[in-house]
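The sequence lines fix the lettering, A, B, ..., with proteins before strands; numbering per chain opens at 1.
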Number of protein chains: 2
Amino acid sequence: MSHCHTYLKKLRDQGYRITPQREMIVQIIAHCGKHMSAEEVMEIVREKSSSINIATVYRTLDMLVENGLASKFDLGNGKTAYATGKHGPHIHLVCKHCGSVTEVSENDISAFLERIEDLYDFDCHPYHFSIHGLCGECSNSEIS
Amino acid sequence: MSHCHTYLKKLRDQGYRITPQREMIVQIIAHCGKHMSAEEVMEIVREKSSSINIATVYRTLDMLVENGLASKFDLGNGKTAYATGKHGPHIHLVCKHCGSVTEVSENDISAFLERIEDLYDFDCHPYHFSIHGLCGECSNSEIS
DNA sequence: TCCTTTATTGAGAATGCTTGCAACAAGGAA
DNA sequence: TTCCTTGTTGCAAGCATTCTCAATAAAGGA
Ligand SMILES: [Mn+2]
Ligand SMILES: [Mn+2]
Ligand SMILES: [Zn+2]
Ligand SMILES: [Zn+2]
């Protein structure tokens, strides 16, 4: 069963209509622990021998984000990734040289975000964003 | 005069060729204190009665970013903005409801970034990134 | 000054994502 | 169960950005 039902119920309660397309997309990203691009969602849909238009995938994923059921973020590789709340709030450190992605845990950012919220009266919502820079390895090799 | 010369010299020293297109683009974003999109740079070029291909504008701006002479960031409105170093390192708080952009100053983030660099051995390069959320006003009006 | 090397450009195709709109169908009322 | 309202979908066009590749032109050497 998992949380799919909870997700769908929450949407229905918000007044959204539950279509087969939405059910399928919610099921896919709720069961997948990692990040997914819209295109990856599409591929899994195709494997299930049905088909959904890519625009619908984007619309559904963005709707989940707007309702706090998923987060959306840019991995710096030209593609946008989505993940359910299960994935947890954190920062991605994206190396602009080798493309590696390191995840910063919630603990390491919560104090900072609280400070921002206080100082700027801003509700940092999906705590899922990217900082671009150089990873340790690339940083060293660049000196040579 | 301004820092255009410094910028161009730095590029030449790196082995880049100085073309009229690059000179013009560097001059434009070096003199403009605020963020600019590639399209905005293009418009100014056109006003000067010359013409540069849009791909060249993107390539040049990205080259400046790679060499630390400019920073690049997503304002959450579907367009990417660029700015010279003069604009200074900071965070953008982008309200996903009204689209407002609040700037967080360097002071408020430096301690946090240092902590990240230590813990994760990651060189946070252009300290120019965005956090999406809700601004104070939109946060309040959403309760009703 | 002219030549050679090779980085850079412009043009256009391609990619990732969004939008407008007419056809369609979920969900509630009768 | 049938009908209506209106949210949702698919499709195609549009937009921002990137990529490929042949033609061009900086920069340095002769
Ligand atoms: Mn992540
Ligand atoms: Mn800024
Ligand atoms: Zn790296
Ligand atoms: Zn707002």
Any non-hydrogen side-chain atom of A:Glu40 less than 4.5 Å from a side-chain atom of A:Lys34? yes

In whole angstroms, the gap separating C1' of D:dT8 from CG of A:Leu64 amounts to 14 Å

Rounded distance (Å) that lies between atom P of C:dG16 and atom CD of A:Glu43: 11 Å

Name every donor-acceptor pair, under 3.5 Å, that has one atom in a side chain of residues 22-30 of chain B and the other anywhere in the protein, sequence neighbours excluded.
residue	atom	partner	partner atom	Å
B:Arg22	NH1	B:Arg17	O	2.9
B:Gln27	OE1	B:Lys48	NZ	3.4

Set out, line by line, the N/O atom pairs under 3.5 Å between protein and nucleotides 25-28 of chain C.
residue	atom	partner	partner atom	Å
C:dA26	N3	A:Arg17	NH1	3.0
C:dG27	OP1	A:Ile18	N	2.8

My understanding is that only residues two or more places apart in sequence, or in another chain, count here; which of them pass side chain to side chain contact (heavy atoms under 4.5 Å, CB included) with B:Arg12? B:Ile18

Quick one: B:Arg22 CZ to C:dT9 C1', roughly how many Å, whole number? 9 Å

Are A:Ser37 and A:Met42 close enough that some pair of their side-chain heavy atoms sits under 4.5 Å apart? no

DNA chain D nearest-nucleotide lookup for B:Arg59 and A:Thr56: closer to the 5′ end is A:Thr56

Approximate separation, where rounding is to 0.5 Å, of B:Gln14 CD and B:Leu11 CG: 7.5 Å

Protein-nucleotide distance (A:Ile25, atom CD1; D:dT8, atom P), rounded to Å: 13 Å

Sorted by chain and number, sequence neighbours left out, side chain to side chain contact (heavy atoms under 4.5 Å, CB included) with B:Thr80 holds for B:Lys72, B:Tyr82

Rounded to whole Å, the CG-C1' distance (A:Asn53 to C:dT18) equals 12 Å

Can you list, pair by pair, the side-chain donor-acceptor contacts under 3.5 Å of residues 51-61 of chain A, counting residues two or more places apart and other chains?
residue	atom	partner	partner atom	Å
A:Asn53	OD1	A:Ala55	N	2.8
A:Thr60	OG1	A:Thr56	O	2.8

Side chains of B:Ser50 and B:Val45: does their closest heavy-atom pair fall under 4.5 Å? yes

Expressed as a whole number of angstroms, how long is the span from A:Met42:CE to D:dG10:C1'? 11 Å

Separation of C:dG10 atom C1' from B:Arg46 atom CZ, nearest Å, is 14 Å

Hey, is the side chain of B:Gln21 poking within less than 4.0 Å of OP1 or OP2 on D:dA26, counting only N and O atoms? no

Whole-Å distance between D:dG7 P and A:Gln14 CD? 15 Å

Just the table, please: protein N/O against nucleotides 14-18 of chain D N/O, every pair under 3.5 Å.
residue	atom	partner	partner atom	Å
D:dT17	OP1	B:Thr80	N	2.8
D:dT17	OP1	B:Thr80	OG1	3.0
D:dT17	OP2	B:Tyr58	OH	2.0
D:dT17	O5'	B:Tyr58	OH	3.0

Working to the nearest 0.5 Å, report the span between CG of B:Asp13 and CG of B:Asn67. 11.0 Å

